[in-house]
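One structure below.
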Amino acid sequence: MDTFEQWLNMSWEKNAKERKLINHEKRQTCICPACPSFNRYAREHDELLYCIAGKSMLCISEDKGCTCRNCPVTQELGLLYHDFCLKGGEAAQRYEHEVH
Ligand code: SF4
Ligand code: SF4
């Protein structure tokens, strides 16, 4: 089990309040707002943390580059993928790569 899988299991074991706190901390470190793909619609809808939350809900549709690799969350959680706003969260992308 790698770092992300451990984090995922740990976060499911915790109660909802603690999970919310963890996500709140990560929201503050998410650097999506500085990414060229992040647009004003995503800002207006307060979207962030696509690696955990999953795809952008109709806000981001154009890939102008991804800065996830420079984000502290990538290193902290051992994320393998990127472009989460367009391709889905880490868990979804891992699953897709496993089944294909
Ligand atoms: S890895 Fe990407 S989506 Fe996840 S917190 Fe960092 S910048 Fe945001
Ligand atoms: S997930 Fe990647 S491409 Fe999407 S806004 Fe965040 S840094 Fe940019």
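First listed ligand is number 1; within each ligand, the first listed atom is number 1.
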Apply side chain to side chain contact (heavy atoms under 4.5 Å, CB included) to the pair Leu77 and Glu90, showing each step before the final yes or no. CA-CA 10 Å; Leu77 295 185; Glu90 175 78 7; over 6 Å; no
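- Heavy-atom proximity to Leu79, at under 4.0 Å, picks out these atoms of ligand 1: 1 (S).
- For atom 4 (Fe) of ligand 2, the closest non-hydrogen atom on the protein side is Cys85 SG, 2.3 Å.
- Nearest to atom 8 (Fe) of ligand 2 among the protein's heavy atoms is Cys35 SG, 2.3 Å.
- We find that Arg40 and Glu44 are joined by a salt bridge, their nearest charged nitrogen and carboxylate oxygen being less than 4.0 Å apart.
- For ligand 1, the atoms closer than 4.0 angstrom to any heavy atom of Cys68 are 1 (S), 2 (Fe), 3 (S), 7 (S).
- For the pair Leu80 and His97, the minimum side-chain heavy-atom distance is 4.5 Å or more.
- In this structure, Gln93 and Leu79 have side chains that are not in contact, with every pair of non-hydrogen atoms separated by 4.5 Å or more.
- Atom CZ of Arg69 and atom OG1 of Thr74 lie 8.5 Å apart (nearest 0.5 Å).
- Atoms of ligand 2 found under 4.0 Å from any heavy atom of Thr67, numbered from 1 in the order shown, are 7 (S).
- By the 4.0 Å N-to-carboxylate-O rule, Lys87 lies too far from Asp63 to be salt-bridged with it.
- For atom 6 (Fe) of ligand 2, the nearest non-hydrogen atom of the protein is Cys32 SG, 2.3 Å.
- Atoms of ligand 2 found under 4.0 Å from any heavy atom of Cys66, numbered from 1 in the order shown, are 2 (Fe), 3 (S), 7 (S).
- Using a 4.0 Å cut-off to heavy atoms of Thr74, the atoms of ligand 1 that qualify are 1 (S).
- Taking a cut-off of under 4.0 Å to the non-hydrogen atoms of Phe84, the atoms of ligand 2 that pass are 1 (S).
- Atom numbering of ligand 1 starts at 1 in the shown order; those under 4.0 Å from a heavy atom of Tyr50 are 3 (S).
- The distance from atom OG1 of Thr29 to atom CG of Leu49, rounded to the nearest 0.5 Å, is 7.5 Å.
- In the displayed structure, Gln75 atom CD is contacted under 6.0 Å by at most 12 heavy atoms of other residues, nucleotides or ligands.
- Numbered from 1 in the order shown, with element, the atoms of ligand 1 that lie under 4.0 Å from a heavy atom of Leu49 read 5 (S).
- Ligand-side atoms of ligand 1 in range of Cys30: 5 (S), 7 (S), 8 (Fe), range being under 4.0 angstrom from any heavy atom.
- Listed by number with element, the atoms of ligand 1 under 4.0 angstrom from any heavy atom of Ile31 are 7 (S).
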Quick one: do Glu47 and Tyr41 satisfy side chain to side chain contact (heavy atoms under 4.5 Å, CB included)? Show the steps, please. CA-CA 9 Å; Glu47 287 192 345; Tyr41 305 109; over 6 Å; no
